[in-house]
Novice: 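Mind looking over this structure? Questions follow.
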Amino acid sequence: MTGEGVTPSLDPPSRSDDVSSPTLTAAELGELAAFGHERAVDVGDILFRAGDAAYDFVVVLDGEVEVVRPDDTGDVVIVTHGPGRFIGELSLVTGERPYLTARVARAGRVLVIAPDEFNRMMSSKPDIADIVFGALVARRERLRSGEGARAVRIIGSRFSPPAMALRVFAAQNHLVHSWVDLEDADDVGVLLASMGLRPVDTPVVVTPTAVLRHATVGQFAELLGHTYQPRPGFTFDVVVVGTGPAGLASAVYGASEGLSTVSLDAVGSGGQAGASSRIENYVGFPNGVSGGDLTGRAAIQAQRLGARLNAPCEVTGLRIEHGFHVLVLADGSEIPTRAVIVATGARYRRLAVPDLERFEGAGVYYAATDLEARVCGGLEVFVLGGGNSAGQAALYLAQQGSRVSIAIRRDDLSSGMSHYLIERIEADPRIEVLTCTEVRELAGDSHLEQVTIEHTTTGEHRRVPCSGLFCFIGAVPATAWLGDAVALDDNGFVLTDRSLPQSALSDPAFAGRAPFPFETSIPGVFAVGDVRQGSLKRVASAVGEGSSAVRSVHDHLATST
Ligand SMILES: Cc1cc2nc3c(=O)[nH]c(=O)nc-3n(C[C@H](O)[C@H](O)[C@H](O)COP(=O)(O)OP(=O)(O)OC[C@H]3O[C@@H](n4cnc5c(N)ncnc54)[C@H](O)[C@@H]3O)c2cc1C
């Protein structure tokens with residue numbers, strides 16, 4: 001530690017009103033000095049570059065630092081920071097690579113705080129941490145909506161499933177990015193040629209350091225530093241599998257209670273809740289809250305408290321080795337841990353129609369958020385299913401300007417949907433309910449354009465226009481990856497504590513003790529949220545279970561050491 005020499009040059013600077021650019025006081029700079037070292041800088045010095053594997057938290061003591069978006073046609077200055085201000089944005093907390101480059105514009109001195117010391121400062125100096133964290137979050141929002149968003153460009157057609165997958169990943173993980181839709185470009189060839197690309201190369205991801213042709217979510221995530229980085233020789237206290245509401249709650253509680261916590265998700269944070277445009281029954285939000293907002297905040301909270309969230313990281317197996325649990329990832333890597341929280345939730349059932357795969361992501365969707373609604377562009381859409389999620393999706397899509405048909409097998413909505421949703425649907429002239437109806441065929445060229453529906457009582461078939469088919473036809477638990485490692489019920493949901501069969505409890509691994517709440521048939525492996533047999537299948541209950549299970553993790557760790 002070499003921070004002793006810092007002599008803050010402002011005495012005392014005033015706090016800026018702009019939460020994204022606060023000016024630290026001399027007293028705060030003095031406190032920060034203990035975490036880093038002071039360094040003289042000259043004009044043109046690069047403090048970090050966009051795409052660097054990691055970067056330091058830098059505070060300007062004297063001089064000026066500009067943050068620029070590197071561009072072939074000349075760097076674009078996003079912001080300039082003077083004395084008392086600090087450099088960096090939310091990636092300091094999430095562990096992503098920086099999106100922008102920091103360059104000295106006027107010679108002076110800076111305080112450099114390395115990532116580990118930055119984390120230590122954030123947990124030991126709560127007052128400064130609040131100021132810094134508020135600024136980092138505000139800067140991320142500003143970057144996502146402003147000029148900085150051009151640092152990462154996703155280029156493709158809105159009707160291309162791989163392009164849609166990239167956009168969903170970027171949106172779910174609140175990544176800084178912009179979207180270039182080939183369908184809207186006047187001259188696609190010219191646009192792509194200016195970057196040395198051709199239409200056959202799409203979807204393309206362009207970052208300050210790389211151009212990914214036929215980009216996949218995995219490559220994109222790797223490039224931004226979003227995937228799991230193995231830590232050889234390290235055993236986590238707890239690995240949370242799944243970052244829907246249940247897993248996020250576990251990550252927040254695990255990290256806040258000092259457990260080394262890592263969370264893995266096959267897609268990104270949010271889970272099913274992230275697919276909901278409005279959750280109306282979550283306590284404390286009288287006007288409802290978008291699932292993306294709620295889970296996005298939880299993800300940032302978990303990371304601020306020290307949890308690592310990684311995606312896409314599909315977990316494909318679980319085994320016990322030398323008394324530890326070992327999670328196996330789809331890429332073959334393995335993570336040893338002392339406890340596991342299974343929070344893999346459920347996935348919507350796929351429709352049994354020919355050609356489904358061709359249209360998934362190109363007209364067939366399992367979520368109704370802003371992204372899908374925009375692709376459908378206010379045209380005719382179908383929502384399949386008679387549950388609350390289908391009802392919410394229908395109302396949201398109608399609100400976005402689409403004409404919506406809800407197709408259900410039964411002869412009315414009342415057996416599966418809450419009364420308040422039925423009333424709203426009945427009152428909305430843009431929504432029609434088609435009872436005793438099933439979708440039989442999908443048709444379209446590069447994307448869905450029509451569906452054939454059958455009235456199951458009369459046998460009548462009709463082909464009707466449809467730019468989006470939203471499937472909410474019953475969820476199946478995401479437990480295939482567990483194989484027969486833990487006891488499941490007949491429908492594949494994980495059995496826990498009091499619902500475990502006696503045969504599981506007589507396993508010597510339990511050493512005669514009763515299972516802890518949420519514990520599965522393997523001691524130290526817990527299951528929470530929708531994946532668990534008997535859970536309520538609601539956001540609030542998933543959050544409650546995810547939080548409470550951390551108590552059981554503590555009990556397990558205490559008895560197993
Ligand atoms: C459109 C819609 C609207 C809804 N509206 C409401 C509402 O208004 N109110 C309400 O209370 N509830 C609502 N729900 C239900 C609510 O969203 C769920 O009950 C809740 O999300 C369950 O949380 P969870 O964390 O248990 O699982 P999920 O949300 O299902 O999250 C599970 C996560 O695990 C990940 N995963 C799965 N398998 C793996 C694997 N092998 N490896 C790694 N990761 C994996 C998934 O990618 C996913 O992110 C709605 C659901 C939908 C779909």
Side-chain angles (χ1 to χ4, degrees), residues 168-169 172-173 217 228 239-251 262-283 285 288-292 294-295 298-299 309-318 327-331 335 340-349 365-369 372 383-385 387-397 417-418 420-421 470-483 492-494 518 527-533 535-547 549:
V168 168
F169 177 75
Q172 273 198 328
N173 292 289
V217 169
Y228 175 71
V239 176
V240 183
V241 188
T243 52
L248 287 168
S250 294
V262 68
S263 298
L264 312 165
D265 199 291
V267 183
S269 53
Q272 294 172 71
S276 170
S277 54
R278 190 154 134 184
I279 294 168
E280 299 209 36
N281 54 357
Y282 195 74
V283 173
F285 293 89
V289 55
S290 104
L294 185 72
T295 53
L309 307 189
N310 301 279
C313 287
E314 185 183 355
V315 180
T316 54
L318 165 68
L327 289 161
V328 183
L329 307 192
D331 67 2
I335 308 180
V340 177
I341 296 181
V342 176
T344 45
R347 288 185 186 143
Y348 272 91
R349 235 180 265 281
Y365 306 111
Y366 300 91
T369 66
E372 292 81 15
V383 172
L384 300 190
N388 280 358
S389 41
Q392 283 171 351
L395 286 164
Y396 178 69
L397 292 163
M417 200 178 283
S418 297
Y420 79 97
L421 285 172
F470 293 82
C471 301
F472 297 102
I473 50 172
V476 279
T479 47
W481 65 278
L482 285 165
F493 290 92
V494 182
F518 307 107
V528 292
D530 280 18
V531 77
R532 194 179 72 80
Q533 192 226 33
S535 70
L536 265 183
K537 319 295 183 237
R538 290 282 180 272
V539 175
S541 56
V543 166
E545 293 189 9
S547 322

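First listed ligand is number 1; within each ligand, the first listed atom is number 1. Here, residue 1 is the first one in the sequence, and each next residue gets the next number. This structure is a prediction, so every number in the text was calculated from the model and none was measured.
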Novice: Give the residue, atom name and distance (to 0.1 Å) of the protein heavy atom nearest atom 2 (C) of ligand 1.
Specialist: S389 CB, 3.4 Å
Novice: Determine yes or no for a side-chain-to-main-chain donor-acceptor pair under 3.5 angstrom, with S269 supplying the side chain and T243 the backbone.
Specialist: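 Checked: no pair found.
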Novice: Taking a cutoff of less than 4.0 Å between a non-hydrogen atom of the residue and any ligand atom, is Y348 in contact with ligand 1?
Specialist: yes
Novice: Would you please classify the geometry between the Y348 ring and the F472 ring as parallel, tilted or perpendicular, with 30° and 60° separating the classes?
Specialist: perpendicular
Novice: Which heavy-atom pair separates E545 from V528 by the least distance, and what is that distance?
Specialist: O-CG1, 3.4 Å
Novice: Report the part of K537 in contact with ligand 1, treating N, CA, C, O as backbone and CB onward as side chain, heavy atoms under 4.0 Å; options are side chain, backbone, both, neither.
Specialist: backbone
Novice: What is the minimum heavy-atom distance between A549 and I341, and which atoms define it?
Specialist: CB-CD1, 4.3 Å
Novice: Of S250, S263, G274, A273, which has the heavy atom at the shortest distance from atom 17 (O) of ligand 1?
Specialist: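 Among S250, S263, G274, A273, the closest heavy atom to atom 17 (O) of ligand 1 comes from A273.
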Novice: Identify, by atom number and element, the atoms of ligand 1 in contact range of R347, meaning under 4.0 Å from any of its heavy atoms.
Specialist: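 Taking each heavy atom of R347 in turn, ligand 1 has 37 (C), 38 (N), 39 (C) under 4.0 Å.
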Novice: Please report the closest heavy-atom contact between G385 and A390, naming both atoms and the distance.
Specialist: O-CB, 3.1 Å
Novice: Ignoring hydrogens and geometry, is there a side-chain-to-backbone donor-acceptor pair from S276 to G291 under 3.5 Å?
Specialist: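 Checked: no pair found.
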Novice: Quick test of your reading of the structure: of Q392, E314, E280, whose heavy atom lies closest to atom 7 (C) of ligand 1?
Specialist: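 Looking at heavy atoms only, Q392 sits closest to atom 7 (C) of ligand 1.
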Novice: Judging by distance only, is a nitrogen or oxygen of P245 under 3.5 angstrom from one on ligand 1?
Specialist: yes
Novice: Answer with yes or no whether A346 contacts ligand 1, where contact means a heavy atom under 4.0 Å from a ligand atom.
Specialist: yes
Novice: Pick one of side chain, backbone, both or neither for how C313 approaches ligand 1, counting any non-hydrogen atom pair under 4.0 Å.
Specialist: backbone
Novice: From the options L421, V539, N281, select the one whose nearest heavy atom is closest to atom 9 (N) of ligand 1.
Specialist: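 Minimum heavy-atom distance to atom 9 (N) of ligand 1 goes to N281.
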Novice: Number the atoms of ligand 1 from 1 as they appear, then name those within less than 4.0 Å of a heavy atom of F472, with their elements.
Specialist: 1 (C)
Novice: Closest non-hydrogen protein atom to atom 29 (O) of ligand 1, residue and atom name please, with distance?
Specialist: Q272 N, 2.8 Å
Novice: Side chain, backbone, both or neither: which part of T316 comes within less than 4.0 Å of ligand 1 when only heavy atoms are counted?
Specialist: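 None of T316 does.
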Novice: Might you point out which heavy atoms bring A273 and I279 nearest each other, and give the distance in Å?
Specialist: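 That would be CB-CD1, 4.2 Å.
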Novice: Out of all atoms in ligand 1, which are within 4.0 Å of some heavy atom of A275? Include the element for each.
Specialist: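 Once the distances to A275 are compared, the set is 1 (C).
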Novice: Taking all non-hydrogen atoms of both residues into account, name the closest pair between V168 and E372 and its distance.
Specialist: CG2-OE2, 4.2 Å
Novice: Output the list of atoms in ligand 1 that are nearer than 4.0 Å to some heavy atom of A478, sorted by atom number.
Specialist: 37 (C), 38 (N)
Novice: Taking the side chain as every heavy atom from C-beta outward, state whether D530 and P477 have any pair of such atoms under 4.5 Å apart.
Specialist: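 Contact flag for D530/P477 side chains = no.
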Novice: Kindly give the heavy-atom pair with the smallest separation between V267 and F169, and that separation in Å.
Specialist: O-CD1, 3.2 Å
Novice: Give the atoms of ligand 1, by number and element, whose distance to some non-hydrogen atom of G529 is under 4.0 Å.
Specialist: 26 (O)
Novice: Please check if a non-hydrogen protein atom sits closer than 4.0 Å to atom 14 (N) of ligand 1.
Specialist: no
Novice: Quick test: of every protein heavy atom, which one is nearest to atom 36 (N) of ligand 1, and how far off is it to 0.1 Å?
Specialist: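 Sorting protein heavy atoms by distance from atom 36 (N) of ligand 1 puts T344 CG2, 3.8 Å first.
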Novice: Give the atom numbers and elements of ligand 1 that come within less than 4.0 Å of a heavy atom of A343.
Specialist: 32 (C), 33 (C), 34 (O)
Novice: Test Y396 against V383 for side-chain contact (heavy atoms from CB on, under 4.5 Å), laying out the working first.
Specialist: CA-CA 11 Å; Y396 178 69; V383 172; over 6 Å; no
Novice: Pick whichever of L318, D265, V267 has a heavy atom sitting closest to atom 46 (C) of ligand 1.
Specialist: D265
